[in-house]
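Scroll down for the structure; my scribbles are underneath it.
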Amino acid sequence: MRWSQTFIPTLKETPADAEIPSHQLMLRAGLVRQLMAGAYTYLPLGWRALRKVEAIVRDEMERAGAIEIHMPALTPVELFEQTGRLAAFGNVLMKFEVQRKGKRVPMALGPTHEEVVTDLVARHINSFRQLPICLYQIQTKFRNEERPRFGVLRTSEFIMKDAYSFGTSLEQLDAVYQKMYRAYCRVFSRCGLEYLPVEAESGPIGGDASHEFMIPAANGEDDVVRSSGGLYAANLERAETGRTPPTITTPATAAALATVATPGATSIEQVSRILKIEPSQLIKTLIYSADDKPVAVLIRGDHEANENKIRRALGAKSIKLADPATIEAVTGAPVGFAGPVGIKCPIIADHDVVVIANAVTGANQADAHHTNVNIGRDYEVTTSHDLRNALSGDPSPRGDGTLEVVHGIEVGHVFKLGTKYSVALKAEFTDEKEQRHPMIMGCYGIGVNRILAGLAETRHDAGGLCWPLAIAPYEVVLVPINVAEAECKEAAESLYAAFQNAGIDVLLDDRDQRPGVKFKDADLVGFPLRVVVGGKSLKEGLVELKWRHLAEATKVPLVGLVETVLKELAQRRAEEAANVPAAV
RNA sequence: CGGGGUGUGGCUCAGCUUGGUAGAGCGCUUGGUUCGGGACCAAGAGGUCGCAGGUUCAAAUCCUGUCACCCCGACCA
């Protein structure tokens, strides 16, 4: 392709409403343009890079035994009713009605395709002999994000690779899951991403039934923890801490329980300011409704409660913060003044709460807090639990050093679904003994656009983007110094033809621009290899090769250049492939 | 949905406080000189100042409403 014949609107200045690097650079490099909040057009370069990501995803899916199909984005709302997800999605589901034969027909744009694929399989697959099977597609998904943001990182319309496996047993599910997990590792490393598989919240099956693939990045929306020894990584929603349960005894330094006036102070911040104490001296008393029974959950004032951990510790199906009426019933006080002393419901406490001596808590009466609250004397718990979010510096649950909390961009998710959808939509198979069973499912998603955005976010410098060879819009940019000079122009044209004949993925910057402009643009877009023709070098029979990721250029003879470039590309390709885990 | 911010040529922004005929740089067009890291000279084109209403002799500027976009939070199978 010739630069003059395509559409690459690069920008010198950073657009005002782009804040994070990937957004700024993808706009400036002419990869994308915004249509409205959460909706972007992919311009020629962006689309080309995106198609390369898709090709890698397809390749690895096929290698892992998944079969490509294509389902409609248009979905009957009825299917979501059958699985209960109409309510679960709420406003996120884009639904609308169309007129057909005078009737209103409700439809939705698919946010994901568990329902559609399960319905398909339910209708056409019946026997254990046809299983396991894994179907996938690469398709545009729609989610009405309440707040699209971060450029192309979080949009209301995005391209997703979604795969769904169906099997007869947990063993079959495990086997597909492992294959997909490995395929994902290969996809992300082939794309040149530094990625981190983390344990994620896993729903009904539990255990290691869900992993997310994260790109560590300062602007990532998710928080993940990883251990210094590298043995443990998990989403913060899920992450355990390796804290050892302390022995519970009343502190020897316990002072006399007192009540202090704290008018209107219902938050940790307000109370600590009024009483001039550190939040870590406070005990937060959160009243939860666990399967409709009230429970008081004690968390240190400067810590954050983790509802998944609380739910598991209580063995409850679902928990939510109690409503004001329940809180008043168990505390006898308005919301904001709950404390463990004399509370009329069961109490559970985090490990870090039971060791606080002379703590401050709500007094279970309006506008008052207790000071010098001590365990065993003023309130009673017999064991403590891991109930809070992990923090940097916590011990790893695997015993390999300490945890660190980092931000991450979620680019993939593998999940053991179990039978939730197969039961709801009657996707059943007949076994050898003519017994009917619901199929056991898994689902596996990749955010295709996020791979691109993630690369832009993590691979750039002051000059612009820096694509890996595997994803770059073009692998090589061929830059004639001066197209107005016949000798230079002819040399570039004949090289361009030779590159194309050799199958090199090349863009010829044939614009009549000064060299500085072309170099700046080449750096901004981030083509991996730049070949410069012209000037004194050309007269000496040399051209310049410059890799985007290296500081120095090299001069090589014009004679035999195609072979030289092919060799350099092959070498670079091998370097990039060195980190890709072997396929099994 | 709560809080904050911004809307002025394609892009970045000034002008608004204190109302008085819309500006700069970049980009674009034409001609010329240039040509190894975002050139220079000259001449041009391009804007209902987000939209609607109000105040006023007069509104980009003041007031009211509204829309869009960005950021923080809530939310996110």
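Quick caveat, the model's predicted, so the values are computed rather than measured. In what follows, chains are A, B, ... by sequence order, proteins preceding strands, each numbered from 1.
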Hey, mind stepping through A:V117 and A:F166 against side-chain contact (heavy atoms from CB on, under 4.5 Å) and telling me if it holds? CA-CA 10 Å; A:V117 74; A:F166 299 83; 3.9 Å; yes
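Ring geometry for A:F89 against A:F80 counts as perpendicular: the plane angle is over 60°, on a 0 to 90° scale with 30° as the lower cut.
In this structure, of B:C35, B:G73, B:G38, it is B:G38 that holds the atom nearest to the side chain of A:K12. Here the nucleotide nearest the side chain of A:R530, chosen from B:C70, B:G37, B:G36, is B:G37.
The gap from the P atom of B:C62 to that of B:C49 amounts to 15 Å, rounded to the nearest Å.
Paired with A:V556 under the rule side-chain contact (heavy atoms from CB on, under 4.5 Å), one option of A:V531, A:V543, A:L542 passes, and it is A:V543.
At whole-Å resolution of the value, NZ in A:K546 and P in B:G37 are 14 Å apart. Between the CG atom of A:N219 and the C1' atom of B:C72 there is a distance of 14 Å, rounded to whole Å.
OP1 or OP2 of B:A39 sits under 4.0 Å from a side-chain N or O of A:R514.
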Without placing hydrogens or testing angles, list every side-chain donor-acceptor pair under 3.5 Å for residues 481-488 of chain A, not counting sequence neighbours.
residue : atom : partner : partner atom : Å
A:N482  : OD1  : A:A484  : N            : 2.9

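Among the atoms of the strands shown, none is found under 4.0 Å from any heavy atom of A:A18. If you check every strand for non-hydrogen atoms under 4.0 Å, A:V92 touches nothing. Within 4.0 Å of A:F80, counting heavy atoms only, lies no atom of the nucleic acid at all. Within 4.0 Å of A:G90, counting heavy atoms only, lies no atom of the nucleic acid at all. As judged by a 4.0 angstrom heavy-atom cut-off over every strand, A:Q34 is placed among residues touching the sugar-phosphate backbone only. Across all strands, A:R28 comes closer than 4.0 Å to base atoms (heavy-atom distances). Contact annotation for A:E19: backbone-only contact, meaning every heavy-atom pair under 4.0 Å involves sugar-phosphate atoms and none involves a base.
In terms of polar N and O atoms assigned as donor or acceptor, the side chain of A:R511 never comes within less than 3.5 Å of the base of B:G38 in a complementary pairing. The base of B:G37 lies close enough to the side chain of A:D523 for a donor and an acceptor atom to sit less than 3.5 Å apart.
The ring of A:Y181 has its center closer than 6.0 angstrom to the ring center of A:F213.
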Sugar-phosphate or base contact per nucleotide [nucleotides 2-11 of chain B; S, B, -; heavy atom under 4.0 Å]: ---------B
